[in-house]
Chemist: 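Below you'll find the structure I mean.
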Amino acid sequence: MIPVLQGSNADSKEIRMPVAFPSEDWVKALMESINNSPSYAEAGQGWEYDVFFIVEPDGAVQSQIIYYMDLWHGHCRDAFEVNNQPERYKPVFRFSARAGIWQKVISGKLDPMQAMLTGQVKVKGPMTIIMRNVRAAKELVTCGTRVPTDFYV
Amino acid sequence: MWFFDSPLIVHGEDALSYLERLEGRRAMLVTDPTLVRLGHAQRVRAVLEKAGFAVGQYDAIEPEPGIDDVRRGAAALQEFGPDWIVALGGGSVIDAAKAMWILYERPETDPESINPVEPLGLRAKAHFAAIPTTSGTGSEATWAVVLSDRAAHRKLGLGSREDLPDLAILDPGLAAAQPPRLTADTGLDALTHAIEGFTCTWHNDFSDGLCLKAAQLVFEYLPRAYRDGSDIEARTRMQNAAAIAGMGFGNAMAALAHALGHALGAVFAIPHGRAVSLALPYTIEYALRGEPDSTRYSEMARFLRLPCATEVEAGHALAQSVRTLETELDSPRSLRECGISQAAFIENLDLLIENAYNDAQTVTSTRIPDRKDVRRLLEALFEGETIDF
């Protein structure tokens, strides 16, 4: 189920129904949150790369889950769970972490850049691009914090 | 999870003699032409030679070094093959030498891609000692590397935790030659590190005390060092303040004043310390109007014995203290006072906004401006107007 956004100011829109994380519904809700965020639209202008968000097994998460997001100049063009044959995709960036680490990032308890600096979130991809787009990364995570989430971690 | 990093710090009178204890065969002294002329390079060479090193010298580092400068320096390192790199100078020299060190150990590295995430494997070839001759950047105690992208008129904030110096030598005798203007600019840089390290969103228990002490030292000793460069106590305490502030913000982060300062410095060639400290009181005022309870100026103001009954009062008192210190040091308090014309400001405003907005240190501010607010901040900085938005 994709939750419904409400409110007049897009950045303050809230999502009514909690969504389970990790799940494809959650990444779809994140996509909607991104596409309703003027702040991400502004910060992500220079980002034109697709990414894998990889959730590594941790606690209740028994096996690896991969989400694909196509982030393009301040918008998310597509987002879905890669159920099989992840090798078919060649995203520019791969961000991976244990489910519990993602939970901390998504709930705003762990700064995404600090998570990368400490190796809690592992990154594969050209770091130069990330260093030039920390603002976009920050706003992306802020969009994630706006998705009311039930964590199954 | 977070880290606390620090080099071995040898400080105080005659600290330079510690170099005699280094073990190795070949040391490359990296410095600049001014320090050669002042005889400081020769002093360091003499100590290294006494310790048995074959000493090479690369003294072509210019202020605000760029990628090409670093590549040329790295080639000199490759040719000489040192097992110690000894950087003698201000932030420009030390930052350039760090980048040269990385390229010496990892020649395939694109300097612009130096980052704190990917491992470098430094120290396979050489160790690194930093000997600051200014008291401000704190580069001797951080892993930050700031290089200039002159073509794009922007500063590159680079660095890896691995490029933290192994050794920092704070010998006050080496700082005594700084002219007053350099003393003021670099000292205000240390103050900005201290205040932003304490108030940024990455502050932590390990960095807080360092930032508080550094701020206190700068307020007390920078005016003395500025007025009388031969005041050795003031020089000593300012050297300590710079390194302590470096450890403070280096183990936390800087914030919006640095983001604005980087943008201004790259476009208008304003010295780094002058640029960031110029922005500092404006960014304090801006942060005060952010989310309630998001700032922590009262804690710092209390330590500095400034009015601090409320957070707002403390923030304004701190901003005013910075401005008062700038006045005492004959430092500009607006871009206009820096000699920037209105035409030049307007011509470069879009570039300034873009670079400040995207600076990595914008996002560690307690209040993160959008492009519209960055524009308003810069306009206020130009005119010297108090922030009221």
Side-chain angles (χ1 to χ4, degrees), chain A residues 9-12 37-48 51 73-74 92-98 100-105 108-145, chain B residues 1-5 67 109-120 143-147 149 152 154-162 200-204 250-253 255-256 259 262 291 353-366 368-375:
Chain A
N9 181 316
D11 251 0
S12 66
S37 167
S39 297
Y40 183 77
E42 185 180 30
Q45 282 174 10
W47 186 276
E48 52 181 24
V51 302
H73 296 282
V92 178
F93 290 97
R94 292 162 190 259
F95 301 92
S96 64
R98 291 188 292 108
I101 296 297
W102 284 127
Q103 179 179 354
K104 287 184 189 173
V105 172
K109 292 176 182 164
L110 176 59
D111 182 285
M113 289 307 294
Q114 287 187 301
M116 284 190 265
L117 262 57
T118 52
Q120 293 174 92
V121 171
K122 294 182 174 55
V123 188
K124 283 188 181 169
M127 279 305 298
T128 311
I129 293 172
I130 294 183
M131 301 304 287
R132 286 183 180 175
N133 286 278
V134 291
R135 184 74 185 249
K138 182 90 174 171
E139 293 296 345
L140 180 71
V141 169
T142 301
C143 292
T145 63
Chain B
M1 185 200 298
W2 196 231
F3 306 110
F4 183 87
D5 293 306
I67 300 285
T109 303
D110 171 7
E112 214 177 319
S113 73
I114 296 168
N115 70 79
V117 173
E118 294 166 316
L120 289 168
W143 48 263
V145 175
V146 178
L147 298 178
D149 180 347
R154 67 192 178 109
K155 295 286 180 79
L156 304 171
L158 309 169
S160 158
R161 286 181 57 238
E162 291 182 49
C200 74
T201 56
W202 289 13
H203 67 82
N204 58 77
N251 285 290
M253 191 40 93
L256 187 55
H262 287 157
E291 290 290 315
I353 293 167
E354 204 53 32
N355 287 349
Y357 176 86
N358 284 311
D359 193 285
Q361 286 160 340
T362 298
V363 301
T364 47
S365 305
T366 52
I368 302 175
D370 57 14
R371 283 185 173 85
K372 182 168 66 75
D373 274 4
V374 172
R375 174 183 292 272

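Chain letters run A, B, ... following the sequence lines, proteins first, then strands; residues in each count from 1.
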Chemist: Report which part of Ser113(B) has an atom under 4.5 Å of a heavy atom belonging to chain A: side chain, backbone, both, or neither.
Modeler: both
Chemist: Can you say whether Glu118(B) sits under 4.5 Å from chain A via the side chain, the backbone, both, or neither, judging by heavy atoms?
Modeler: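 Side chain only.
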Chemist: Measure the CE-CG distance between Met1(B) and Leu117(A) for me, rounded to the nearest 0.5 Å.
Modeler: 11.5 Å
Chemist: Contact part of Ala43(A) toward chain B, heavy-atom cut-off under 4.5 Å: side chain, backbone, both or neither?
Modeler: both
Chemist: Grab the two heavy atoms, one from Gly157(B) and one from Met131(A), that are nearest each other, plus how far apart they are.
Modeler: O-CE, 4.5 Å
Chemist: Donor-acceptor pair, Arg135(A) side chain versus Thr362(B) backbone, under 3.5 Å?
Modeler: no
Chemist: Do you know which of Asp370(B), Val117(B), Asp110(B), Thr364(B) has the most heavy-atom pairs with chain A at a distance under 4.5 angstrom?
Modeler: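 The answer is Val117(B).
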Chemist: Which answer fits Arg371(B), side chain, backbone, both or neither, if we ask what part of it has an atom under 4.5 Å from a heavy atom of chain A?
Modeler: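 Its backbone and side chain both get close to chain A.
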Chemist: How long is the gap from OH on Tyr357(B) to CD on Glu42(A), to the nearest 0.5 Å?
Modeler: 3.5 Å
Chemist: Can you tell which part of Ile368(B) gets under 4.5 Å to a heavy atom of chain A, answering side chain, backbone, both or neither?
Modeler: both
Chemist: Between Gln114(A) and chain B, with a heavy-atom cut-off of 4.5 Å, which part of the residue counts as in contact: side chain, backbone, both or neither?
Modeler: both
Chemist: Give, for atom CZ of Arg132(A) and atom CG of Leu156(B), the distance between the pair rounded to the nearest 0.5 Å.
Modeler: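 Result: 7.0 Å between the selected atoms.
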Chemist: Rounded at 0.5 Å granularity, tell me how far CG in Leu158(B) sits from OG1 in Thr128(A).
Modeler: 8.5 Å
Chemist: Among Asp111(A), Leu110(A), Val123(A), Asn133(A), which residue forms the greatest number of heavy-atom pairs with chain B at distances under 4.5 Å?
Modeler: Asp111(A)
Chemist: Kindly compute the distance separating NZ (Lys138(A)) from OG1 (Thr201(B)), expressed to the nearest 0.5 Å.
Modeler: 5.0 Å
